[in-house]
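Reading through the structure tokens given below for one structure.
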Amino acid sequence: MHPAFTQAAFLTSAADSRGLPPDQGNEVAFAGRSNAGKSSALNCITARRKLARISKTPGRTQLINFFTLGDAETSRARLADLPGYGFAQVPQDVRLRWRGMIESYLQNRRCLRGVVLVMDARHPLTAFDLQMLEWTGAIGLPAHVLLSKADKFARGASLRQLASVRKALPAQVSLQLFSAQTAQGVAEAREKLSEWLQLK
Ligand SMILES: Nc1nc2c(ncn2[C@@H]2O[C@H](COP(=O)(O)OP(=O)(O)OP(=O)(O)O)[C@@H](O)[C@H]2O)c(=O)[nH]1
Ligand SMILES: [Mg+2]
């Protein structure tokens, strides 16, 4: 593992495009439905249990939270924890605002190298997951899917789910099983991030 992962630090939170850190270096965004396990995946990948806030209340992360990897002063590698989408109890106008914010971030962020799309392995391929893949596909942005909470399945069942989701995804989208609870798949996820973030 590249040592930069465990030197992760919180950088800033953005409520809109004006709050984004300077558009330079390399950034990877974690997207996914509320409660899919984005923040947990981030914490697992950085081996920092309290880096990104985890909550049992979906829709908690309403800002884009940025984390630097490596030495915070000189870091050119960042992870962005996007607000979760598709939380039913959130009013329509709030949902539209989130959607607008994510869409504009994806389309305008020049330092963005790829999107990690986190899907609860038990409930993959929601309408918004497909929308996200359409956006990334349309702008030629690489996407990597984490089928999270794989620990909720027996091994055989998780492999069957992996194969079934694979078939539903565009060929250029990569996919893996992941569990923040058992750290299953963490090495594979770090490898993808190292490549995108050009960690050497
Ligand atoms: N069993 C299991 N539970 C997980 C895993 N990852 C996340 N969870 C649980 O799922 C819930 C949501 O996790 P979060 O990481 O906060 O999800 P999120 O996608 O960041 O959610 P929002 O910030 O609301 O969009 C928490 O109760 C986590 O403990 C996992 O790999 N296995
Ligand atoms: Mg979160």
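Just so you know, ligand 1 is whichever comes first in the structure, and atom 1 is the first atom listed for that ligand. Numbers for residues simply follow the sequence, beginning at 1. For clarity, every value in this text was computed on a predicted model and none was experimentally measured.
- Using a 4.0 Å cut-off to heavy atoms of G84, the atoms of ligand 1 that qualify are 25 (O).
- Counting only N and O atoms by type, the side chains of S174 and H144 include a donor and acceptor under 3.5 Å apart.
- The backbone of R33, and not its side chain, has at least one atom closer than 4.0 Å to an atom of ligand 1 (non-hydrogen atoms only; backbone = N, CA, C, O).
- Of the options K38, K149, M119, the smallest heavy-atom separation from atom 9 (C) of ligand 1 is shown by K149.
- Here the side chain of R33 pairs no donor or acceptor atom with the backbone of P124 at under 3.5 angstrom.
- Between the Mg ion (ligand 2) and S39 there is an N/O/S contact shorter than 2.8 Å.
- Close contacts of ligand 1 with K152, meaning ligand atoms under 4.0 Å from a residue heavy atom, involve 1 (N).
- At a 4.0 Å heavy-atom cut-off, ligand 1 touches N35 through backbone and side chain alike.
- The aromatic ring centroids of W135 and F128 lie less than 6.0 Å from each other.
- Closest to atom 6 (N) of ligand 1 by heavy atom, among S40, S34, A121, is S40.
- Residue A41 has no N or O atom closer than 3.5 Å to an N or O atom of ligand 1.
- Checked by distance only, ligand 1 and F178 stay at 3.5 Å or farther apart across all their nitrogen or oxygen atoms.
- Here's the thing with D151: one of its N/O atoms is less than 3.5 angstrom from an N/O atom of ligand 1.
- Residues E27 and R109 are paired through a salt bridge, judged by an N-O separation under 4.0 Å between the basic side chain and the carboxylate.
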**Request:** Any chance you could lay out the side chain to side chain contact (heavy atoms under 4.5 Å, CB included) test for S39 and F30, step after step, and finish with the verdict?
**Result:** CA-CA 8 Å; S39 302; F30 281 61; over 6 Å; no

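- Using a 4.5 Å heavy-atom cutoff, the side chains of Q181 and K149 are not in contact.
- The distance from ligand 1 to the heavy atoms of G37 drops below 4.0 Å at these ligand atoms: 7 (C), 13 (O), 14 (P), 15 (O), 17 (O), 18 (P), 19 (O).
- Criterion: ILVMFWY side-chain heavy atoms under 4.5 Å apart, direct or through other members. Under it, I139 and I102 are part of a common hydrophobic cluster.
- Residue contacts with ligand 1: S148 is excluded, as none of its non-hydrogen atoms falls under 4.0 Å.
- Checked by atom type, the side-chain pair S40/N43 shows no donor-acceptor distance below 3.5 Å.
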